[in-house]
2 protein chains.
Amino acid sequence: MGSLTEENYIKSIYSLSQATGEVFVSELARKLEVKLPTVNSMIKKLASKKMVAYAPYQGIKLTEKGKREALGIIRKHRLAELFLVKVMGLGWEEVHDIAEQLEHVNSPRFYARIDELLNYPGFDPHGEPIPDSNGKIQLQKRTSLNDLAEGETAIITAVAEDEKSFLDHLNAKSLQIGNRITIVKKELFDCSITLQLKSKKEVMLTHQVAERILVDKLNGK
Amino acid sequence: MGSLTEENYIKSIYSLSQATGEVFVSELARKLEVKLPTVNSMIKKLASKKMVAYAPYQGIKLTEKGKREALGIIRKHRLAELFLVKVMGLGWEEVHDIAEQLEHVNSPRFYARIDELLNYPGFDPHGEPIPDSNGKIQLQKRTSLNDLAEGETAIITAVAEDEKSFLDHLNAKSLQIGNRITIVKKELFDCSITLQLKSKKEVMLTHQVAERILVDKLNGK
DNA sequence: ATATAATGTTAGACTAATCTAATATATTAA
DNA sequence: TTAATATATTAGATTAGTCTAACATTATAT
Ligand SMILES: [Mn+2]
Ligand SMILES: [Mn+2]
Ligand SMILES: [Mn+2]
Ligand SMILES: [Mn+2]
């Protein structure tokens with residue numbers, strides 16, 4: 001286990017690499033809100049610790065060791081979030097910032113107990129998979145709400161964004177993980193989408209919001 | 001709120017000052033396991049932040065501001081310990097080290113929720129008082145088990161030591177907070193003490209152990 | 001009252017994590 | 001293919017927190 005700072009770098013490299021496999025110094029600097037030379041020197045350190053593979057002007061890649069470390073931190077983050085919601089009764093919109101701190105707590109006992117109390121959960125309150133103690137994660141299809149056609153029905157399975165303002169927005173629209181929704185209308189002009197909830201209530205979402213809502217199609221399959 | 005390091009200094013100054021009011025640089029260095037000059041420079045910083053009052057070669061004294069800060073950290077530590085025992089089902093001997101980390105979590109919401117779930121508790125699993133959100137602590141008499149005479153009966157109300165090895169020892173002797181005990185014998189030679197538990201079982205304790213067990217006399221009053 | 005011991009301070013160095021300014025490399029666009 | 005742009009690296013400085021070695025002050029014990 002490295003320092004808190006090292007852990008945050010590793011975690012960010014992991015999440016940025018999920019799409020592309022490789023991460024650039026500038027991306028990481030943007031994400032961590034530090035300057036390029038700061039990232040440059042930290043990457044050298046992480047490379048010397050064999051957490052990342054790096055050659056100047058090439059991208060950054062986590063080693064197996066680095067990947068294991070990343071998954072361990074992500075596991076703690078997501079277990080913490082679910083615990084905060086399920087056991088402590090906090091809202092899904094307020095747990096991310098607390099989990100950012102709890103993910104650095106070093107206590108196998110603490111996390112084993114959380115895992116046990118939650119009955120070895122597979123997904124966090126935002127629908128993200130929780131790596132098991134070996135770092136294994138359950139794969140899931142991630143279809144965006146925008147990829148549904150008018151008339152299609154689906155279940156909301158995850159959100160691709162942790163930020164409080166985004167989740168507050170979903171709360172205001174009564175959208176939650178597990179909800180069944182049907183596409184009523186897709187606007188050509190601004191790409192906004194209107195849904196119908198199980199309660200028959202209709203809600204309108206911008207493209208930007210719909211994009212971050214992930215669903216499992218029901219009728220299409 | 002200062003850094004994690006500053007918080008640990010403030011907390012240690014507070015606990016060392018409980019007896020005497022004033023704390024010496026060397027005491028603090030011993031407690032924090034750092035060298036004298038390290039403490040010296042940190043004290044200067046804390047003085048510049050008005051957390052402590054300090055003049056060279058005099059003792060260190062927390063200011064009101066410093067005291068408030070200390071009580072806030074101690075509150076979080078003790079709430080965390082009780083939460084870990086009562087809600088998460090961990091043993092009183094294993095929670096201190098986790099609380100050392102959780103006490104630095106910055107989230108009023110997290111701690112307000114713990115407080116609420118525990119129904120605004122006054123004491124932690126080791127019998128230490130939990131400061132309320134204004135820093136107010138319930139006073140308690142702290143009579144050592146060694147101060148009882150043969151034949152006297154008392155309730156164990158607290159332990160003056162958080163360390164796992166000590167609490168493991170008490171677990172092995174079936175001693176817990178709330179237990180009613182009676183002094184059966186006090187040895188003159190080695191100052192050891194023999195108690196009888198409610199179960200009629202007798203247990204022998206060394207002076208060193210008995211000293212750290214705090215009780216509330218029943219018959220004497 | 002002075003020597004000795006205990007305690008505290010200063011000076012200077014080191015590591016981790018950050019920054020700015022200057023420079024280098026790679027990509028893209030004329 | 002050269003110029004412009006984007007991206008990355010190096011050099012050198014800064015702050016927090018720590019250290020060792022040398023020196024200073026206070027307390028204690030002849
Ligand atoms: Mn999160
Ligand atoms: Mn999440
Ligand atoms: Mn404790
Ligand atoms: Mn305690």
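Letters A, B, ... are given to chains in the order of the sequence lines, protein chains preceding strands, and every chain is numbered from 1.
- For A:Ser26, whose side chain is taken as the heavy atoms from C-beta onward, the closest listed nucleotide among C:dT9, D:dG17, D:dA8 is D:dA8.
- With rounding to whole Å, B:Leu4 atom CG is found 21 Å from D:dT15 atom P.
- D:dT15 atom P lies 11 Å from atom NZ of B:Lys45, rounded to whole Å.
- For the OP1/OP2 pair of C:dG8 and a distance below 4.0 Å, the side-chain nitrogens and oxygens of B:Lys35 include no atom meeting the criterion.
- Taking only side-chain atoms of A:Leu36, from C-beta outward, the nucleotide of D:dT9, D:dA16, C:dT20 with the closest atom is D:dT9.
- The phosphate of C:dC19 (OP1 or OP2) has a side-chain N or O of A:Thr38 nearer than 4.0 angstrom.
- Between A:Asn40 and D:dA8 there is no side-chain polar atom (N or O) within less than 4.0 angstrom of OP1 or OP2.
- The side chain of A:Pro37 lies closest to C:dC19, out of C:dC19, D:dA8, D:dA21.
- Between B:Lys11 and B:Glu100 a salt bridge is recorded (basic side-chain N to carboxylate O distance below 4.0 Å).
- Remark: B:Ser41 is not in phosphate contact with D:dT18, judged by side-chain N or O atoms under 4.0 Å from OP1 or OP2.
- At least one side-chain nitrogen or oxygen of A:Tyr9 sits closer than 4.0 Å to the OP1 or OP2 atom of C:dT18.
- Taking the side chain of A:Val25 as heavy atoms from C-beta on, and the options C:dG8, C:dT20, D:dA8, the nearest nucleotide is D:dA8.
- With a 4.5 Å cut-off on side-chain heavy atoms, B:Leu170 and B:Ile213 count as touching.
- Listed nucleotides: D:dT18, D:dT26, D:dT10. Nearest to the side chain of B:Tyr57: D:dT26.
- Side-chain contact check for B:Asp124 and B:His77: no donor-acceptor pair (N or O, by modelled atom type) lies under 3.5 Å.
- Closest to the side chain of A:Tyr54, out of D:dT18, D:dA8, C:dT10, is D:dA8.
- Ion pair B:Glu64/B:Lys67 flagged as a salt bridge, since at least one NZ, NE, NH1 or NH2 atom sits closer than 4.0 Å to an Asp/Glu carboxylate oxygen.
- When distances are taken from the side chain of A:Pro56 to each of D:dA16, D:dT9, C:dG8, the shortest belongs to D:dT9.
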